[in-house]
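Protein chains get the first letters and strands the later ones, always in sequence-line order, with residue 1 at the start of each.
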Amino acid sequence: MKKLTAAKAKEAYEKMNDIRNFENTLHDIFAKGEIPGFVHLYAGEEAVAVGVCSHLTDSDYITSTHRGHGHCIAKGCDLKGMMAEIYGRETGLCKGKGGSMHIADLDKGMLGANGIVGSGFPLAIGAGLRNQYLGTDDVAVCFFGDGAANEGNFHESINMAAIWKLPVVFINENNTFAESTPQHYSSASPTIAERAAAYNIPGEKVDGKDFMAVYEAAGKAIDRARKGEGPSLIEYHTYREYGHFEGDEQTYKYDSDEEIAFHDRDDIKEFRAYALKKKLFTEKDAEKIEDKSVQDVADAVEFAKASPIPQPEALFTDVFAD
Amino acid sequence: MKKLTAAKAKEAYEKMNDIRNFENTLHDIFAKGEIPGFVHLYAGEEAVAVGVCSHLTDSDYITSTHRGHGHCIAKGCDLKGMMAEIYGRETGLCKGKGGSMHIADLDKGMLGANGIVGSGFPLAIGAGLRNQYLGTDDVAVCFFGDGAANEGNFHESINMAAIWKLPVVFINENNTFAESTPQHYSSASPTIAERAAAYNIPGEKVDGKDFMAVYEAAGKAIDRARKGEGPSLIEYHTYREYGHFEGDEQTYKYDSDEEIAFHDRDDIKEFRAYALKKKLFTEKDAEKIEDKSVQDVADAVEFAKASPIPQPEALFTDVFAD
Amino acid sequence: MTKIAFMNAINQALDQAMEKDDKVFLMGEDILGGTDIKHLEEKNEDSWGGCFGVTKGLGPKYGKKRVIDTPISEQSYMGAAVGAAVTGLRPVPELMFSDFIGVSFDSLLTQGSKMRYMFGGKAKLPLTVRTTIGAGASAAAQHSGAYYGIFASIPGIKVVVPSNPYDAKGLLLSAIEEDNIVVFCEDKTLYGVKGEVPEEYYTIPLGKAAVKREGKDLSIVTIGKMVSVAMEVADRLEKEGIDVEVIDLRTVAPWDEETVIESVKKTGRLIVIDEAQPHNNTATDIAATVTDKAFDYLDGPIKRVTAPNTPVPFATNLEQAYLPTADRVIEESAEIIDDLKSSK
Amino acid sequence: MTKIAFMNAINQALDQAMEKDDKVFLMGEDILGGTDIKHLEEKNEDSWGGCFGVTKGLGPKYGKKRVIDTPISEQSYMGAAVGAAVTGLRPVPELMFSDFIGVSFDSLLTQGSKMRYMFGGKAKLPLTVRTTIGAGASAAAQHSGAYYGIFASIPGIKVVVPSNPYDAKGLLLSAIEEDNIVVFCEDKTLYGVKGEVPEEYYTIPLGKAAVKREGKDLSIVTIGKMVSVAMEVADRLEKEGIDVEVIDLRTVAPWDEETVIESVKKTGRLIVIDEAQPHNNTATDIAATVTDKAFDYLDGPIKRVTAPNTPVPFATNLEQAYLPTADRVIEESAEIIDDLKSSK
Ligand SMILES: Cc1ncc(C[n+]2csc(CCOP(=O)(O)OP(=O)(O)O)c2C)c(N)n1
Ligand SMILES: Cc1ncc(C[n+]2csc(CCOP(=O)(O)OP(=O)(O)O)c2C)c(N)n1
Ligand SMILES: [Mg+2]
Ligand SMILES: [Mg+2]
């Protein structure tokens, strides 16, 4: 696994900032009633998406979830195209036809946010199968939540990935809740990671607020997959900053001081401190990145708002390829 | 758990014989072209169904599979009604409308053979939920194959049974094949039993040709369920005598001498020897049981053949309850 | 009578059904919300009461034994509901969005709907599946399906699609009383719509349409939230001297052939409005049946106004164009309307 | 030309598609059969070649990389096929029985069929799902579904139901060439039916019906194994002086409106035979569309002859009564036939 270079660290810090700003901005915009629909924010979990995707290139694939903005940004999707999509504009990554829950960018290897919990699993093994079939060393990474770990697809797909030694890495984002349902209620096993044993693959539980821990665990698993040694499962303990979706009153939070303390940890600040200490970038670099990120997200909003809505004919197109 | 009494042993020996004779007879009848459709025979696996169901009464529930005749007989379904069903006669347990793959008898707690692999899991947890809801100490037993262990329902249902501590016992009949696909290929874990750990419930692999081993393992698990201590998973290693369904040429058999040796073990003969040694019944009892069983199955065939086919109106009835 | 919202009418029906029969219980994702969260349990509070808050309050009232939060395991909890029904309970599972039949269809398609028949009439399936349907909430392609047509195609299932709070309550209570599988489809965009709802327990028979407005020139048959579109069309056509009869099907399986055919016999003209995708839906079923059974009474073609043959788009303008509106009905039925006008 | 069985025609098409394009691969349960069984691998033999033997021989020829035995995990392997298609392969998964959409529907309903649209046109889905349909094999309620009507109701999916070996091969090759999802429905009771099939690679366009027999008095539109029923009806009515046109739809989504409507314009009379359950099926879709678009040409009601609204029964006599037969078509269409006779 490659060590985190200064360049990579900077890029990661940029992306983490982009995600946080993107989501904070959406939170405000939603409250103002400017965007409709179901919007699930990724803020608070940045270290996971970015720590994992730092190991990937455009030719690797990822599958995502309803909480997809973080994965998109981490995988390199354009902020403007994303924001325009969420606004339902013609310039959106999906021409405004998908919306927040369906942002995709095949050129970036991003196989779509997904409104159906657990349906990313089979798409990921399909992409993994493709990589293996074509003899590439590309991988497919499947992001999924703690709630998704109880869907049948979890079981079926991981088993298939294991028997075929597919280059797929299963990344569990255990943010302790599925909507309002706590993981300790919905899963019979204390951890998701230990379920890996049922498929004879490595499984590990890792602090998901700690960027470096995320980065290293993912690096090992992705290397392993690239080398043809098969799939792995990593459970990252994390916590979402906002509600399940915008509008959620979150009366289910919190049960304990530990929970509050964990929630209050800021993965971005922690990584910033680490990177400064390790001299991966300077305070000044950091500030520049932070400012630019705020600006880029603001520009994305501008861009989206200034973009046209789809032409009426768009309703009828893109059902079939010719 | 109750020790195996002489009376129980006799009853078990009767049922094992009934299953074997029933299936051998169907094998011949099918070859003669007298019955149509998909017929999956249970011969060779008698110890499992009978060993498990020896612990159950009519108020306990079982769910079954496409290979359901053994479960039906073990749970007390009438041989005549079963045979007539397989012949598609009005006197069949389901009036001839279900056939081999759908024999059911709710009065006996038999929730139906099932043509959909893995769909017994949720029915069993539904029945278990019902038992818990009504405060009975009845259990629900879910029979399923090694192939079925890769269906999503396996995962979803066992997890739910575990978190709700349902009185359900999951009985895996690992006969080493799902159709022509060997379990060592289709499952990433060497055993099905070890998957229990993923749900924090007991899991055990047991010799399924050894009636007493089956009986004892099942007894423990069923007791546990009755006491409200939750579900268990038992994997019974067994082997089917015939093909997947009638007509299967079985070119996939055999890979090793061990496999042949295992196949050649006769669970019924082994139990007979054990019971005689333990004086649970005498040689003479055994012979009487064997003769009666042959006769009962022959009578069932007679009965079926002499029974009328359904009235034409039967096509339209039984869709809705009034 | 007080006016209450559609979603409160559903809540009231569930409450009264649970009060009446202790075998009735609910299961679904977050329908209580926060099960096993200490501070909520201590205060006996629920959190979500379902994704839309429809079951709010029932958890604290009836306990988590009867309002069961499930893991995200639709295939198995829907199948468990079938298992519980066939063994004597009266489950009312919630499938948060009808789109999730994708991951739970077997419970209805090959298990529940066929059991009584396969078992030779010995099984009863007192099971009501509540689910949400419909476009118009910016929920995009995977959360906006109006799949009642698929359910209705399966022998052994009854399917209800209420259009207003009063019907919602009475039809849901009927559904729960049934010893059969009923899929009860709640349009999420109607949840906030208010209407008069008696507080007492009452039922509305399944399979009976409601004539919302009598008329002699033209019949419009419709479903769910399209009823208000039909009423608007009727109002507008009235001004042009066309007297429209509007029939709210309420139940799409079995749908009320008698009422529809009587109406067509009277008017000779039929428009069906159905927000589902255009092929093999309830609108086609009605048109085909009327053509068969009332052909000699028809004075012209039967128009079906439906969604286009596309997934549901996200962008607001496209989604609005996706759904049938009064404008679209009038435009697409120009032939019929012109005929009627010229025959006046 | 040699006569080969329907199932061999399918096998030939798969073979030629795989030879032509190395991105084409098959996956499904036991489609090779015996993967990882030592003695078979040593001899490079397959075992089952699918439940009905349709893919027999392809495993040994193309290897287990391209003929992939799957675990019994339909939801995920069907979804994996979608994932492989959208990333550039050309998968041809087999769903052993169409009834198993119960445990795999999401892959088609909310994923594959909607991806291109949701992604703004950027995705291609070169995916052909092969599956078996149909009653008549004593396979009972859970293995006899003719669910093409459900598939056809979903925007974004094409659906093919071939009636004979020649069409089966040409249509399957077309399907595999498509950059779209095609559900290819093989009637299991037709597998043994023989017909002339050219050895070379050829395609038949999707969406085009075949006029099996021209006639001027009455149109019969039908699908799959019901084509032979229609032909028998035509023969029998010919003796009564009625000249029947028989149209084999071949593709049920999109179905060939032009050919059907042209025929009805000529004959003024239409019977549709569809073995699917009676509601919301292809027969209703055709009847509704013709009523809309060719109303003025219709001389009488459109008859649909379908299965009854019940699950498929097991008993042979009931199953025979379940399926439309020539007798039933003639009986149920008495009104039309009498009209035609009296107008001669
Ligand atoms: C198949 C399916 N079931 C239910 C839902 C509704 N739903 C959307 S997100 C969600 C919770 C998912 O929890 P988790 O997997 O932990 O992801 P998180 O939201 O915490 O990131 C649920 C139940 C859905 N979209 N799809
Ligand atoms: C959902 C579903 N998938 C596939 C099948 C076809 N099928 C019937 S039995 C069977 C094999 C089952 O294997 P296993 O669970 O090991 O049971 P066994 O036959 O060995 O008793 C398969 C694939 C089916 N009936 N249902
Ligand atoms: Mg979560
Ligand atoms: Mg097996």
Query raised in the report: Considering heavy atoms only, which positions within residues 69-80 of chain D lie below 4.5 Å of chain B?
Result: D:Asp69, D:Pro71, D:Ile72, D:Ser73, D:Glu74
Report task. Could you please state which residues from residues 49-60 of chain D sit under 4.5 angstrom from chain B, measuring non-hydrogen atom to non-hydrogen atom, sorted by number, or 'none'? Result -> D:Cys51, D:Phe52
Query - Residue, of D:Pro311, D:Ser47, D:Gly34, D:Gly33, that accumulates the most heavy atom pairs under 4.5 Å with chain B - result: D:Ser47
Report summary line: Under 4.5 Å to a heavy atom of chain B? For D:Ala137 that would be backbone
Requested in this report: Identify which part of D:Asn317 has an atom lying under 4.5 Å from any heavy atom of chain B, answering side chain, backbone, both or neither.
Outcome: side chain
Query raised in the report: Below 4.5 Å, heavy atoms only, C-beta onward: do D:His143 and B:His66 meet side chain to side chain?
Result: no
Query raised in the report: Are any of the side-chain heavy atoms of D:Leu318 and B:Lys97 separated by less than 4.5 Å?
Result: yes
Report summary line: Interatomic distance, OH@B:Tyr252 vs CD1@D:Ile37, rounded to 0.5 Å, equals 8.0 Å
Query raised in the report: From D:Phe314 CZ over to B:His102 NE2, what is the distance, rounded to the nearest 0.5 angstrom?
Result: 9.0 Å
**Report entry** ring-ring contact (aromatic ring centres under 6.0 Å, His included) partners of B:Tyr87, counting only residues at least two apart
**Finding:** none
**Report entry** Those residues that, when tested against B:His237, pass ring-ring contact (aromatic ring centres under 6.0 Å, His included) (two or more places apart)
**Finding:** B:Phe262
Report summary line: Between D:Trp48 and B:His244, the two heavy atoms sitting closest are CH2-CD2, 3.5 Å
